[in-house]
Each structure stands twice: as structure tokens, then as C-alpha cells.
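Each remark here refers to the structure printed beneath this line.
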Amino acid sequence: MKYKFVSFILAFAILLSCSTTKNTVSQEEDAHIYNTREYSIQSVLWQQNAGEYRALCYQAFNLAQLRLDQFLADESLKGKKLAIITDIDETVMDNSPYNARLILDNKEYTAADWTDWVNHKTALAIPGATDFLNYAKNKGVEVFYISNRMEHEKEATLENMKQIQFPFADNEHLLFKTTESSKQVRFDKVLANYTVLLFMGDNLSDFSSEFIVNSTQKRNQIVDAIHLKFGYNFIVLPNPMYGDWESKGIYQGKYNWTTEQKDSIWKSNLKGY
């Protein structure tokens, strides 16, 4: 009986140990899952709080206005239909609250959650955007918003744009995504009828479909090859939160990486000394 009792105690201790280990592993897994969103905290905090972010936005629109005035002084453009093509998200409208919500809820992007954010119609203008876009309108230059928001999001987007006093907030000037992400067909539609003075965006594909490549090296090589366009008729807005630099560059166009693989990819792309 003594040996049976000792065996029972040992078996119970082992079971208790296994249960405790399992709970500890589970807690560690939960902590690890939570930590997978932490990589984006710094970028969202910076966009929402840094005066430097606001300064860069104002700088971009100040430069855009300077270039616009220079173009308008060109006699060869007199009498032509003039336009600006701009992206929407993180170029003229701030969606950082959506990205902050993903962090707080520890969730990845989903189309449904994004549409829910769009339908809130509470995005604010990027600093300097409203003044510049209305300046262009007052100078007789039309603004076309070419975005990869979906067609079913257009009505809510228009209402949001009107709230923040964007000019040309109408169906004619909003060209949203239908079947493909490349904006080239929509660019060409505007270019067929207008002389486009400026392209504005936070993502390189907002300027040319040439940038739609799944390679950081190739994207950077293209930037270097046409570097004189940036600050001339290509105006770039800062966006550290997301973009093709990550999805097509760091992730090489693949969307099925596991959390552990992403962590390895992030670290392998860091350049130390």
C-alpha cells in the first residue's frame, strides 16, 4: 500500500507539472502572438505624434506648390487642361487611427475591417493637404484622386472628403480600384485628356507601374535611375506604417509568411555594423 501511495503521489505530481508547463507554454504563446503587432507601434506613434512627421508633410506640399507655380508660369502650357494626380491614403488622408486599432486589438489587416474604418468617415486631412489641393483648384488645375480603395467604398470616401473640404470630391475625379491594383490604366485615362503637372503619393506605385516589382533591390534601382523626378513632378509623402516597400520589397510579394518567418525576415533585412 505504501508503494501504491507513493506511485500515486508521483503520478499526480507529473500530471500537475505537465498542466503547469502547458499553461506556461500557452501564456508564452499568447504573449508571442501579442508581440507580433509590436513591430508597427513605433511607426504609428511617430505618424500620430511626431512634429517631424507634420513638418515633412508641410514640406512636401510647400514643394508641390512651388513646382505648381513654376509649371503655371510656362507659356507653353497656356490654354491646356491641367491636372494633378494624387493618391488618397497617407497622401492626403490620414488613416493612422485604423492602424492604431489593429495594434490595440492585435489584429492583422482585413478588407472587412478596412471598409468598416472607411465607413466611419472620420479620417482627417494630412497636414497641408487641404490648403494645397484648394490652391491648385483656385489656379485652374483639376485634381484626380486615383486610389486603390474599392468602388463600394466610394460613397463613404466622398462624404469624408467633403467634410475635410477637399476640392473635386465627385465621382468624375475619383478613380478607384476595380479589378487590378496597378493604377496605370487610370493614369492613362487622365493623361489622355489632361496635361498632368504633378503626381503625389506615399507609395512608389502611385507614380508608375514600373515600380510594381517584388524586389527591394529593383525598386531602389528604379528610384536611383529616375531620382531627378522626385521633388520635381513626383511628390512623396511619408508613410512608415505600411506599403509596397514591405509587401513587395521585404516580403517579396508573398502574403503567407508565418509570424516566425516574418520575424526572421525583418531581422535579416536590418543592416548593422
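Keep in mind the model is a prediction, meaning the values are calculated, not measured.
With sequence neighbours left out, Tyr232 forms a ring-ring contact (aromatic ring centres under 6.0 Å, His included) with Phe71. A search for ring-ring contact (aromatic ring centres under 6.0 Å, His included) contacts involving Phe207 returns Phe234, not counting sequence neighbours. Under the ring-ring contact (aromatic ring centres under 6.0 Å, His included) criterion, Tyr242 pairs with no residue, sequence neighbours left out. Remark: Glu155 engages no residue in a side-chain hydrogen bond (donor to acceptor under 3.5 Å, both in side chains) (not counting sequence neighbours). A search for ring-ring contact (aromatic ring centres under 6.0 Å, His included) contacts involving Phe166 returns nothing, not counting sequence neighbours.
In this structure, the side chains of Ser147 and Leu174 stay at 4.5 Å or more apart for every pair of heavy atoms. Residues Phe187 and Val196 fail the side-chain proximity criterion, which asks for heavy atoms closer than 4.5 Å. Counting heavy atoms from C-beta on, the side chains of Tyr98 and Val44 never come closer than 4.5 Å. Residues Phe211 and Val223 are in side-chain contact: their nearest non-hydrogen atoms beyond the backbone lie under 4.5 Å apart. Here the side chains of Ile222 and Arg219 are not in contact, with every heavy-atom distance at 4.5 Å or above. Asn95 has its side chain within reach of Glu90: a pair of non-hydrogen atoms, C-beta onward, lies under 4.5 Å apart. Counting heavy atoms from C-beta outward, Thr216 and Trp245 have side chains that stay 4.5 Å or more apart. Looking only at side-chain heavy atoms (C-beta outward), Tyr145 and Leu133 come within less than 4.5 Å of each other.
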Q: Show the numbers, then the answer: is there a side chain to side chain contact (heavy atoms under 4.5 Å, CB included) between Phe176 and His152?
A: CA-CA 9 Å; Phe176 279 16; His152 68 266; over 6 Å; no

Q) Phe61 and Asp131: side chain to side chain contact (heavy atoms under 4.5 Å, CB included), yes or no, with the steps? A) CA-CA 9 Å; Phe61 289 116; Asp131 287 344; over 6 Å; no

Q: Begin with the C-alpha distance, continue with both residues' side-chain angles, and end with the deciding distance and a verdict on side chain to side chain contact (heavy atoms under 4.5 Å, CB included) for Leu198 and Phe132.
A: CA-CA 12 Å; Leu198 295 171; Phe132 172 72; 3.9 Å; yes

(Q) Set out, in order, the CA-CA distance, both residues' side-chain angles and the distance that settles salt bridge (charged side-chain N to carboxylate O under 4.0 Å, His left out) for Glu159 and Lys162, then state yes or no. (A) CA-CA 5 Å; Glu159 289 185 36; Lys162 290 173 181 176; over 6 Å; no

Q: Applying side chain to side chain contact (heavy atoms under 4.5 Å, CB included), run through Ile126 and Tyr53 and close with a yes or a no.
A: CA-CA 10 Å; Ile126 296 291; Tyr53 167 74; 3.2 Å; yes

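Taking every heavy atom of both residues into account, Arg149 and Thr157 meet most closely at NH1-OG1, 2.9 Å. Residue Asn119 comes nearest to Ala156 through the heavy atom pair OD1-CB, 3.5 Å, listed as atom of the first residue, atom of the second, then distance. Between Cys57 and Pro127, the shortest heavy-atom contact is CB-O, 3.5 Å. Residues Gly231 and Arg67 share a closest heavy-atom pair of O-NE, 2.7 Å. Nearest heavy-atom pair across Ala136 and Val143 is CB-CG2, 4.4 Å.
Remark: Asp94 CG to Ile88 CD1 distance equals 13.5 Å, nearest 0.5 Å. Interatomic distance, CG of Asp263 versus CD1 of Ile265, reported as 9.5 Å (0.5 Å rounding). The distance from the CD1 atom of Ile41 to the CG atom of Leu104 is 8.5 Å, given to the nearest 0.5 Å. Distance CG/Asp105 to CD/Glu108: 12.0 Å, rounded to 0.5 Å. Expressed to the nearest 0.5 Å, how far CH2 of Trp266 lies from OH of Tyr39 amounts to 5.5 Å. How far CG of Asn214 is from NZ of Lys254: 9.0 Å, rounded to the nearest 0.5 Å.
Between the side chain of Asp116 and the backbone N or O of Ala112 there is no donor-acceptor pair closer than 3.5 Å.
Pairs passing the side-chain hydrogen bond (donor to acceptor under 3.5 Å, both in side chains) check and including a residue from residues 179-203, sequence neighbours excluded, read Asp87-Lys183, Thr91-Asp202, Glu142-Tyr194, Asn148-Arg186, Lys177-Ser181, Lys183-Asp206, Gln184-Asp188, Gln184-Ser209, Asp202-Asn239, Asn203-Ser205, Asn203-Asp244.
Shown here is Lys78, whose NZ atom has more than 12 heavy atoms of other residues, nucleotides or ligands within 6.0 Å. Within a 6.0 Å sphere centred on CD of Glu151, other residues, nucleotides and ligands contribute more than 12 heavy atoms. The local environment of CZ in Arg54 is sparse, with at most 12 non-hydrogen atoms from other residues, nucleotides or ligands closer than 6.0 Å. For NZ of Lys137, the number of neighbouring non-hydrogen atoms (other residues, nucleotides, ligands) closer than 6.0 Å is 12 at most.
By the criterion of side-chain heavy atoms lying less than 4.5 angstrom apart, applied directly or through intervening Ile, Leu, Val, Met, Phe, Trp or Tyr residues, Met93 is grouped together with Trp46 in one hydrophobic cluster. The hydrophobic clustering, which links ILVMFWY residues whose side-chain heavy atoms are closer than 4.5 Å, places Leu204 and Ile235 apart. Cluster annotation: Leu197 and Phe230 are assigned to distinct hydrophobic clusters (Ile/Leu/Val/Met/Phe/Trp/Tyr, side-chain heavy-atom contacts under 4.5 Å, transitive). A single hydrophobic cluster is not seen to contain both Phe144 and Ile84; linkage of ILVMFWY side chains at heavy-atom distances under 4.5 Å, directly or through other members, places them apart. Neither Met241 nor Leu237 shares a network with the other; the hydrophobic side chains, linked directly or stepwise wherever heavy atoms of I, L, V, M, F, W or Y lie under 4.5 Å apart, form separate groups for each.
Between the side chains of Asp69 and Tyr135, at least one donor N or O sits under 3.5 Å from an acceptor N or O. Using modelled atom types and a 3.5 Å distance limit, the side chains of Asp224 and His227 yield no donor-acceptor pair. A donor-acceptor pair shorter than 3.5 Å can be found between the side chains of Gln48 and Ser96.
In this pair, His173 and Phe168 present their aromatic rings tilted. The plane angle is within the 30 to 60° band.
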